Protein chains: 4
Amino acid sequence: MTKTAKKRQTRPGRIARQAELLTTVYKVVSEFGIDAASMRQIATRAKVSTGTINYHFRNKEKLVMEALQAAYQMTLPEADSAHTPLERLKGFAFGYILHEPNDRFWRFWMNYTVYGSRNEELRKHQVHWFKKQHSFWAKLVREAVKEGELPPHLDGAETAEQLLVFTHGLMVRQILEPDKKNQTRCRKMLEQYFARLEADAGVCKPTVNGTREVSMLSRRGKAA
Amino acid sequence: MTKTAKKRQTRPGRIARQAELLTTVYKVVSEFGIDAASMRQIATRAKVSTGTINYHFRNKEKLVMEALQAAYQMTLPEADSAHTPLERLKGFAFGYILHEPNDRFWRFWMNYTVYGSRNEELRKHQVHWFKKQHSFWAKLVREAVKEGELPPHLDGAETAEQLLVFTHGLMVRQILEPDKKNQTRCRKMLEQYFARLEADAGVCKPTVNGTREVSMLSRRGKAA
Amino acid sequence: MTKTAKKRQTRPGRIARQAELLTTVYKVVSEFGIDAASMRQIATRAKVSTGTINYHFRNKEKLVMEALQAAYQMTLPEADSAHTPLERLKGFAFGYILHEPNDRFWRFWMNYTVYGSRNEELRKHQVHWFKKQHSFWAKLVREAVKEGELPPHLDGAETAEQLLVFTHGLMVRQILEPDKKNQTRCRKMLEQYFARLEADAGVCKPTVNGTREVSMLSRRGKAA
Amino acid sequence: MTKTAKKRQTRPGRIARQAELLTTVYKVVSEFGIDAASMRQIATRAKVSTGTINYHFRNKEKLVMEALQAAYQMTLPEADSAHTPLERLKGFAFGYILHEPNDRFWRFWMNYTVYGSRNEELRKHQVHWFKKQHSFWAKLVREAVKEGELPPHLDGAETAEQLLVFTHGLMVRQILEPDKKNQTRCRKMLEQYFARLEADAGVCKPTVNGTREVSMLSRRGKAA
DNA sequence: TATGAATGAGATTTCATTCAT
DNA sequence: TATGAATGAAATCTCATTCAT
């Protein structure tokens, strides 16, 4: 077989072309799902030939994986400063409330995730990005705690994970009913989630009153 | 030719045959996803011919819809008594922690849900069942409140919806990493969720006044 | 093989049932064509099971053949008296002008004819009926000539055949454009055809003036 | 496995390939009819894969339509000069007398026409070509009248239409009985048709005055 | 690099027919 | 007689991928 991985050098022009392509992939997949998005459809929409796609990306699977990668890179790193850690965390979390154009990303993400349940390579890939996201959110939580925006007893990793679970749940909810009304409801639920977090999430593990006091203190400390 | 009349065994009757088929569908779809589950594969696994499937169910879409219906009917109505409302609610919620064999149902559910984002009929179908589930959980919450198992200020519908969102999020999390360790972590998160719920989720909607002492105490402590 | 032609006796009740069935066949085929008319569709429309059809008629081909037979028998033998031969001939010929419900018969006939071009048995069958029709029309022409309704020089067989050709052409024309306007035009063409026939078709073979006179005589004879 | 790369020969180019394919379609359909001509059969006969056909033509319907188009373009425009208008008209009309290889075209045409009775798009297509043909014949009739080859009272459009009807009828007749003997008979009928046309069809539309004595005489005789 | 015609496997679906009841 | 579930072959069409240009 001539499957001897001809490593292609990155050359100028090539990158722009590829980025365009990946954007198309991500659009088409978000609309039709991975299985139903055909290479021809993608090629047509991207205004290249099918041959070109298979030339650049070995096959469909690789193409989709690279598209996820690119999508993540487009979406995630809007990590600017000029905002407090909590504001930034909220910014990311509310990104899960679907609205043009970010819903495309999440639709793609959902398709990819579910598809991953029957393709180990894709799943690993997805987990990799999930972990990155998780640790980033955890860091933000810790910073927010340090700056007194969140109660001090909150564990970064744990709080981040729970928040991620909740936001993923919201996404499922919105995919189930993608109308405006439901989006508003979901936004409210997320606001409540944060309200509870900021006010007092001390109940979570330490049901003893001792810890509770700490929580109260922290609130007062904030009020002071 | 080997056309030596393969004598068909006495047929198991229409209903039995259909139930068998739907079980197979649900297995295959949970493993491969809706698009990747081919009619032939389903037929082979169910040991019928492809013609038989299309004879009973008009087409793939209808088949999958009926499979969901059947799966729901198998899974949901384990609404026994002999348990308190909260126990029963927990029972349902912890059903979202994947473990053989119920994980199959949820994998199927996830595939169906995501698929529904590009098939209005399926989506409607899914929403229908979601609403049923939601109102059932809401009822359980209200009963639990009435019996003092949950804080009095909790709104049935709202609490149920938030819980559903969280459990759906847990499901996504488990599909992303379907190993034992993660399942344990998810179970813990759900336990914490309930702990918080039982103890005091009073921040969310603090509009109620003075019914449950414990809750109120904690509030007062906060106010102090 | 158990293909030992179980000759089924004709029993009361059976005939009515069969007639009903054949009518349905003929309706369905006229709408969809022979290939596209499925046994299931016919069965459903006739409100019997597919098994019943295959029980009565060995297979689809036989079924369609019997349907033509039945259709011919329904359509053709409206050979009453109380009309002059020419009137009756016209009656048959104008039957080729499509209008509910006789158009169904001709649509069926056309499908059958074209289908016959790749099925010798059906073709033979069709030819058989065509010949019957032809000789009947020829007889009517001869009678019309005898009674002075048509010019004396007309040959029965030949005139009938030409008329049949023309009417078949009209049918094709009407299938091509099945609107009212075209039907009217076709009717006019047929009227003209008859006008020419009655007036003087003497030109056809004998271009000499001699025969022409005869023609004139016959007309006068009628007027006298 | 015998997957030993069957080297494809250098491809004959898009247009050549398509023309080849359409010729095959037209052959196969003329033999088996539209419904019975399977894509696979066509593919096999054309020595391409089924994929190739569906790549070039979207689907069977489009394929058949293009085949008719191509067939028309191959058959019709043999409009040379060096012949008088009447000769050319006769040339076209006698084209309806089936004989290799033009019978293929007419078989195809008949199948297409009948099929059109249940497919509006095909029917429209067929009507379009019919109209073209009709206006061309009408023009020839007018030219023939002008040159004195045909009686002056003949209306171009009407005469052409009647002639077309007759020839279509002859085609049906020949499909019904496709043997030599019948072909000869049909040819004779067409000759007679022309003979009558050339001599005097003055009865049809007696609105003209006095040009052709014979015709007028016969009319007067009738009036007397 | 890029193209797009060509491929052939495989997907869904339909169909005439069989046969246990 | 009559039924209708079951069959498996075959039909149409789609798809990822290859490869000569």
Side-chain angles (χ1 to χ4, degrees), chain A residues 1-3 6 8-9 11 13-14 17 35-44 48-61 63, chain B residues 3 5-14 17-18 35-43 48-61 63, chain C residues 2 8 11 13-14 17 35-44 48-61 63, chain D residues 3 5-14 17-18 35-43 48-61 63:
Chain A
M1 305 280 177
T2 51
K3 247 185 175 176
K6 305 174 198 164
R8 283 173 280 275
Q9 290 81 4
R11 295 228 226 107
R14 194 171 167 262
R17 171 63 67 100
D35 290 291
S38 77
M39 295 295 266
R40 265 231 246 177
Q41 197 180 6
I42 292 166
T44 306
V48 295
S49 71
T50 57
T52 303
I53 295 188
N54 277 88
Y55 174 75
H56 281 294
F57 309 86
R58 188 165 299 293
N59 56 38
K60 193 179 178 180
E61 187 178 307
L63 176 68
Chain B
K3 248 186 174 174
K6 304 174 196 165
K7 273 276 165 180
R8 285 180 229 105
Q9 286 81 2
T10 43
R11 283 166 265 165
R14 179 182 177 119
R17 173 59 64 104
Q18 288 206 2
D35 289 293
S38 80
M39 296 296 267
R40 254 195 253 171
Q41 195 182 6
I42 292 166
V48 295
S49 72
T50 57
T52 303
I53 295 187
N54 280 89
Y55 173 75
H56 284 290
F57 310 87
R58 184 173 294 292
N59 55 37
K60 191 179 178 178
E61 186 177 309
L63 176 68
Chain C
T2 52
R8 282 173 283 276
R11 294 229 227 104
R14 193 170 169 262
R17 169 66 65 103
D35 290 290
S38 77
M39 296 295 266
R40 266 231 246 178
Q41 197 180 7
I42 292 166
T44 305
V48 294
S49 71
T50 56
T52 304
I53 295 187
N54 277 88
Y55 174 76
H56 281 294
F57 309 87
R58 186 165 301 292
N59 55 37
K60 192 177 177 182
E61 187 177 306
L63 175 68
Chain D
K3 246 186 175 174
K6 302 175 197 163
K7 274 276 167 181
R8 285 180 231 104
Q9 285 81 1
T10 44
R11 280 165 269 163
R14 180 181 175 120
R17 172 61 60 106
Q18 289 207 1
D35 289 292
S38 80
M39 296 295 266
R40 254 197 252 170
Q41 194 181 9
I42 292 167
V48 294
S49 70
T50 56
T52 302
I53 294 186
N54 281 90
Y55 173 77
H56 284 291
F57 310 87
R58 184 173 293 292
N59 53 39
K60 193 178 177 180
E61 187 179 306
L63 176 68

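Letters A, B, ... are given to chains in the order of the sequence lines, protein chains preceding strands, and every chain is numbered from 1. In this text, all values refer to a predicted model and were calculated from it rather than measured experimentally.
Looking at which nucleotide of DNA chain F each of G51(C) and S38(D) is closest to, the 5′-most match is held by G51(C). Where I53(D) and R40(C) each meet DNA chain E at their nearest nucleotide, the meeting point lying more 5' is that of I53(D).
The side chain of T52(B) places an N or O atom within less than 4.0 Å of a non-bridging phosphate oxygen (OP1 or OP2) of dT7(F). Contact between the side-chain N/O atoms of H56(A) and the OP1/OP2 oxygens of dA2(E) is found at a separation under 4.0 Å. S49(A) has a side-chain polar atom (N or O) that falls below the 4.0 Å cut-off from OP1 or OP2 of dT3(E).
Between L63(A) atom CG and dC15(F) atom P there is a gap of 15 Å when expressed in whole angstrom units. For the pair N59(C) CG and dC15(E) P, the computed distance is 17 Å after rounding to whole Å. Atom CZ in F57(B) sits roughly 16 Å away from atom C1' in dT12(E) (whole-Å rounding). In this structure, the CE atom of M39(A) is 6 Å from the P atom of dT17(F), given to the nearest Å. Computed from coordinates, the I42(B) CD1 to dT13(E) C1' distance equals 14 Å when rounded to whole Å. Residue K60(A) contributes atom NZ, which lies 15 Å from atom P of dT18(F) at whole-angstrom precision. Between D35(D) atom CG and dA10(F) atom C1' the separation is 14 Å, expressed in whole Å.
In this structure, the side-chain contact (heavy atoms from CB on, under 4.5 Å) partners of S38(D), at least two apart in sequence or on a different chain, are R40(D), Q41(D).
In this structure, CD1 in I42(C) is found 10.0 Å from CZ in F57(C), a value given to the nearest 0.5 Å.
Counting only heavy atoms from C-beta on, Y55(D) has its side chain closest to dA6(E) among dT1(F), dT3(E), dA6(E). Taking every side-chain heavy atom of T50(D) into account, dT14(F) is the closest of dA5(F), dT14(F), dT7(F). Comparing dT17(F), dT18(E), dT7(F) by their closest approach to the side chain of N54(C) singles out dT18(E).
Residues R58(C) and N54(C) fail the side-chain proximity criterion, which asks for heavy atoms closer than 4.5 Å. In this structure, the side chains of N59(C) and M39(C) stay at 4.5 Å or more apart for every pair of heavy atoms.
Distance check on atom P: dT1(E) versus dT21(F) gives 22 Å, rounded to whole Å.
Using a 4.0 Å heavy-atom distance criterion, A37(C) is classed as a sugar-phosphate-only contact.
Taking every heavy atom of both residues into account, S49(D) and A43(D) meet most closely at C-CB, 3.9 Å.
For K60(B) (side chain) and A37(B) (main-chain N/O), a donor-acceptor pair under 3.5 Å exists by modelled atom type.
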Worksheet entry | Bracket notation of DNA chain E in which parentheses pair within the strand, [ ] cross earlier pairs, and | pairs with another strand (Watson-Crick or G-U, under 3.5 Å) | .||||||||||||||||||||
